[in-house]
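Below: the structure, in structure tokens.
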Amino acid sequence: MKLFKMMSVFFAAAFFAAATCLACFDADPGSNTGNPATTIPGEHGSSTDTTIGGNSWGSTIITHPSWPEDDPNENNEYALAVECSFPVTLNVSFSGFLDDGGEQVTEPITRMCLLYFSTAGKWIILKDIRNPQFTVVTDADGQRALFGKHTLTSSLGYTAGQTLPIMLYFRTENYENFSLDEVLASSSPKPLNNTAIAIIPKNNATPF
């Protein structure tokens, strides 16, 4: 009888644990943490491969609280758009640059930045890494949390369903994947076609 009671307690606990686990997954049944990598082309033969866990929304999101009325880049597309819970980790690999002869540039990366478009309508550098003391240039399969785990810790003032544009910048002494000065001077959330990433905040407690 004592053994039967112990077994009953064990199975009840196991059932409760399984139900709790399923409830956690069911809280976000549409989530997708297995998104394929998206390749973002840059200048001088460079490319950035990025994977973000969440629900892929395609590349046509345009909802933004500070959208300029006469934005000349209105028809530009995002490289990808993903609905995410925070904090968000960006898994990134960067190809490096090619010179005019098509050869891989051996200059070290001297600066890498994560930029975001603020609710005030300005591009801001959120993370600025100078002369990184780790390997930055890898092949597309070498994606990792290049800007740190939980790259975006909050929605930076955006609410669920709005678009938080971000961009990833890399440079050496003589090469950069886009003009940082041009982007910082822009009031457009999509200053360059197929280059900015749209993060759509989600009301969900489960981070990706």
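In this view, Asp49 and Thr39 satisfy the side chain to side chain donor-acceptor pair (under 3.5 Å) rule, not counting sequence neighbours. For Thr138, the side-chain contact (heavy atoms from CB on, under 4.5 Å) test picks out Ser93, Thr135, Arg144, with sequence neighbours left out. Residues meeting the ring-ring contact (aromatic ring centres under 6.0 Å, His included) test with Tyr175, sequence neighbours left out: His44, Phe97. A search for salt bridge (charged side-chain N to carboxylate O under 4.0 Å, His left out) contacts involving Asp128 returns Arg111, Arg130, not counting sequence neighbours. Contacts of Leu114 classified as side-chain contact (heavy atoms from CB on, under 4.5 Å), with partners at least two apart in sequence or in another chain: Leu90, Leu126, Lys127, Phe147, Thr151, Leu152, Ile166, Leu168. For Pro41, there are no side-chain contact (heavy atoms from CB on, under 4.5 Å) partners two or more places apart in sequence or in a different chain. Under the rule for a side chain to side chain donor-acceptor pair (under 3.5 Å), Glu173 has no partner lying at least two apart in sequence or in another chain. In this structure, the side-chain contact (heavy atoms from CB on, under 4.5 Å) partners of Asp181, at least two apart in sequence or on a different chain, are Ser179. Legend: residues meeting ring-ring contact (aromatic ring centres under 6.0 Å, His included) with Tyr116, ordered by chain and number and at least two apart, are absent.
Under a 3.5 Å cut-off, the side chain of Asn73 and the backbone N or O of Asn76 do not form any donor-acceptor pair.
For residues 156-165, no pair satisfies salt bridge (charged side-chain N to carboxylate O under 4.0 Å, His left out), with sequence neighbours left out. Sorted by first and then second residue, the salt bridge (charged side-chain N to carboxylate O under 4.0 Å, His left out) pairs involving residues 154-165 (not counting sequence neighbours) form an empty list. Within the structure, salt bridge (charged side-chain N to carboxylate O under 4.0 Å, His left out) pairs that include any residue of residues 87-96 do not occur (at least two apart or interchain).
When Val88, Asn55, Val82 are each tested for a side chain to side chain contact (heavy atoms under 4.5 Å, CB included) with Lys202, only one passes: Asn55.
A cation-pi arrangement is not found for Lys122 relative to Phe117, the charged atom failing to lie both closer than 6.0 Å to the ring centre and inside a 45° cone about the ring normal.
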